[in-house]
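Contents: one structure, followed by commentary.
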Amino acid sequence: MANQLTRGAIAEIIEGGTPEAPVLQILSMKRIPSGTQERHRLLVSDGQWSSSFAMLATQLNGKVASGEISQNCIIQMNRFVCNTVQDNKKVLIILDLTVLQTGADVGQRIGDPQPFDITKKNAAPPAQPSKPAYQAPSVQRNTPNVAASPARSQSGQSIHPIASLTPYQNKWTIRARVTNKSDVRTWSNSKGEGKLFSVEFLDESGEIRATGFNQELDKFFDMLEVNKVYYVSSCSLKTANKQYSKLNNDYEMTFNKMTEIELCEEDDAVPTMQFSFLPIKEVGNADKDAIIDIIGVCKEFQDVTTITTKATGRELRKREIQIVDDSNTEVTMTLWGTTAETFDGSQQPIMAFKGVRVGDFNGKNLSMLNSSSLQINPDIKEAHHLKGWFDNGGNQVEMTSISNQRGAGGMGVGTNFKTFAEAKLENLGTKDAPDYYTVKASVVLLRKENCLYTACPSDNCNKKVIDMNNGLFRCEKCNREYDSFNWRLMLSGNLADATDNNWVTCFQDQAEALLGIKAQDLGSMREADPDNFNKVFNDATFKDFTMKLRVKMETYNDESRLKTTAVVIEPLDPVTYNKRLITEIKQMAQLS
DNA sequence: CCCCCCCC
């Protein structure tokens, strides 16, 4: 069996050689915990040497998931590149392989391979890897050695892997898929002004960002479409500024006057964008600022609004949408710019996001970045699965939202349901920012004394006024006197659910909703009709409500206490309430 | 030649 393996192939590759279709055994494999992209590192053996320098190209991840690639299996490497990384270490990336024998069939390590160490290798002094003289030692990746005969483009030139591009060669053509494309952006600074866009290209060896300015934007912006494959040649290459680019490439390209781009119709061989989707439910546990991939159904969407940035005063268009998945969880996602403006959610599309950022404003939310990409109704298995789920009952499921604030105005009672006990257990309100949650609660006790106050009648003031006892009422805030006032409510009530109770402050709108009467009417009633005044409070007591609460630690006179304020109060809708309980029971049943 | 990633 041992003679199946290509003895010495590992040494040959490490020394810069490109043996033809070498056969190796995978001794072990390890998933590397880096970023969102699943990557596998392999300990491989050629029968003589072993090394853990091998990595699987991500398009082969499926073969790991399916079990085709597993420990002890024998592989033939059809295509591979060997790069030099920091400290002159070698990394072998397997681009294409054939499993000759499964791990189960082989069942054991073949022979007695020794960990390859160039200093211990006794056969001849270490061969000098054929390293081009231009390579600075700090450069993280050398020109890869690409095995197997390169493909040819339609016009006959050979295709180069993206990973092999450097600023020092100018005759190359890549065949790559556009995985992301920016909006047109303009700039104006001391050096001048102009417009630009950028795209991201992906092939089986790697990825690279390309930028087109001014004339090149006019020439290529419309032509380049996300998900299509192109032959691209003659661009300027420069060192990528890692501060701004998250792509796994030390270089990036700029389109220039010589650049040629040509659509490639037969594009099956070029990998599509790789996602690593996180179930929406898991976003609830994700760290703030985490960059993740998400797929979901757009269940609801709000209108486009305009905001002004604090820093530069720039106006931005944004749209919030709610996406759900089969973890029965909903999250709010913010779209920006053209994506926000052109978005059509009316058909409840499936949306696959790559590289969106987790935020923690009022619960968890997601936001697209300029580096994020979005595919609507993509032809991938996760999208088909979600479509099937949504159309077959998923659309009826009551979702748990991990974003407290619904829509631009934050209206609505929200869906971040918790009991009082859960809110306490989770220490809501003890951080810097207030927490919001929604509770179903009954009124136990209302403090009707001092729940009304005389307020300034001018618009948007509402400050308490002082009765001058001469028919005039003075507002200190407006610094003037009025001949009338408005009754306003600040009602303190004890509310309870099955788990605990809580004192909650209800201001005007919320108190009116709870009592079922306008503050003005209640105020008039207090002196004129005390019986009915008391009846209002008696009637409200023991009623059930759904309410969105805000919890925040407040400090008075060096004493800190949690303050709970009602943000929205609605009468309990028994149908919606029961639906939610049924969903929760089903979820509990699934968990057990 | 850009390099902002935003707002409640």
Side-chain angles (χ1 to χ4, degrees), chain A residues 180-200 208-221 235-247 249-257 259 288-292 302-322 331-341 353-374 401 403-412 414 416 432-436 548 550 552 567-568:
Chain A
N180 201 8
K181 177 179 159 182
S182 75
D183 285 349
V184 174
R185 228 179 51 236
T186 57
W187 85 91
S188 175
N189 58 30
S190 57
K191 290 179 208 157
E193 55 183 57
K195 56 183 178 180
L196 72 133
F197 80 113
S198 62
V199 290
E200 291 170 12
I208 192 164
R209 182 167 74 158
T211 305
F213 293 93
N214 305 315
Q215 293 111 302
E216 286 75 39
L217 182 149
D218 294 336
K219 201 165 162 189
F220 298 124
F221 182 81
C235 304
S236 315
L237 269 105
K238 61 167 190 176
T239 305
N241 187 337
K242 285 302 193 182
Q243 193 186 336
Y244 303 122
S245 170
K246 284 155 216 64
L247 289 195
N249 200 319
D250 293 337
Y251 304 114
E252 60 183 28
M253 50 170 76
T254 306
F255 301 141
N256 61 41
K257 287 186 176 57
T259 297
K288 175 171 152 62
D289 296 332
I291 303 291
I292 60 169
Q302 283 78 48
D303 287 339
V304 175
T305 58
T306 303
I307 61 142
T308 308
T309 59
K310 277 182 190 158
T312 59
R314 220 154 35 100
E315 289 211 329
L316 295 167
R317 304 283 278 163
K318 73 159 205 175
R319 186 200 294 272
E320 293 191 345
I321 66 170
Q322 281 69 42
V331 68
T332 294
M333 169 82 71
T334 306
L335 313 179
W336 300 94
T338 310
T339 310
E341 287 173 355
F353 294 89
K354 187 166 185 65
V356 294
R357 196 181 54 184
V358 177
D360 68 351
F361 179 76
N362 281 357
K364 288 285 164 62
N365 51 68
L366 297 169
S367 178
M368 285 192 77
L369 305 175
N370 283 326
S371 52
S372 308
S373 57
L374 164 61
S401 177
S403 311
N404 294 351
Q405 191 129 5
R406 176 71 70 87
M411 300 303 278
N416 179 33
D432 287 345
D435 283 311
Y436 293 82
K548 179 168 164 180
R550 175 190 193 271
K552 173 91 169 71
V567 182
V568 184

Out of B:dC7, B:dC3, B:dC5, which has the shortest distance to the side chain of A:Asn370?
-> B:dC5
Under 5.5 Å and under 30°: A:Trp336 stacked on B:dC5 | no
Checking all strands, does A:Arg209 fall into the base, sugar-phosphate, or nothing category for heavy-atom contacts under 4.0 angstrom?
-> base
Does the side chain of A:Asn189 get closer than 4.0 angstrom to OP1 or OP2 of B:dC2 through an N or O atom?
-> yes
When you match A:Gly194 and A:Leu316 each to their closest nucleotide on DNA chain B, which lands nearer the 5' end?
-> A:Gly194
Let me know the distance between CG of A:Leu196 and P of B:dC3, rounded to the nearest Å.
-> 8 Å
Which whole-number value in Å describes the distance from A:Met253 CE to B:dC2 C1'?
-> 17 Å
Under the side-chain contact (heavy atoms from CB on, under 4.5 Å) rule, collect the residues that match up with A:Thr338, sequence neighbours excluded.
-> A:Asp183, A:Thr342
A:Leu237 and side chain to side chain contact (heavy atoms under 4.5 Å, CB included): which partner among A:Asp250, A:Thr254, A:Ile208?
-> A:Ile208
Here the distance between atom P of B:dC3 and atom CG of A:Asn249, to the nearest Å, is 21 Å
Rounding to a whole Å, what distance do you find between A:Met368:CE and B:dC7:P?
-> 18 Å
A:Thr309 side chain to A:Arg314 backbone, donor-acceptor under 3.5 Å = yes
Which nucleotide in the list B:dC3, B:dC5, B:dC8 gets nearest to the side chain of A:Leu369?
-> B:dC5
Atom CG of A:Asp183 and atom P of B:dC2: how far apart are they, to the nearest Å?
-> 18 Å
Starting at NZ of A:Lys310 and ending at C1' of B:dC7, how long is that distance when rounded to a whole Å?
-> 8 Å
Counting only side-chain N and O atoms of A:Lys238, is one of them less than 4.0 Å from OP1 or OP2 of B:dC1?
-> yes
Report which part of the nucleic acid A:Gln215 touches: base, sugar-phosphate, or nothing (heavy-atom distance under 4.0 Å, all strands).
-> nothing
Indicate every side-chain donor-acceptor pair of residues 187-200 of chain A with a distance under 3.5 Å to a residue at least two apart or in another chain.
from, atom 1, to, atom 2, distance (Å)
A:Asn189, OD1, A:Lys191, N, 2.9
A:Asn189, OD1, A:Gly192, N, 3.2
A:Lys195, NZ, A:Asp218, OD1, 2.8

Considering all heavy atoms of both residues, which atom of A:Glu341 and which atom of A:Val304 are nearest to each other, and what is their separation?
-> CA-CG2, 4.0 Å
Under-3.5 Å donor-acceptor pair between A:Lys191 side chain and B:dC1 base | no
Indicate whether A:Phe361 forms a stack on B:dC8; treat it as stacked only if centroid distance is below 5.5 angstrom and interplanar angle below 30 degrees.
-> yes
Would you kindly give the CG-to-C1' distance between A:Asn241 and B:dC1, to the nearest whole Å?
-> 14 Å
Check: A:Glu193 side chain, B:dC2 base, donor-acceptor under 3.5 Å | no
Quick one: A:Trp187 CH2 to B:dC1 C1', roughly how many Å, whole number?
-> 4 Å
Minimum-distance nucleotide (side-chain atoms of A:Thr334 versus B:dC1, B:dC7, B:dC8) = B:dC7
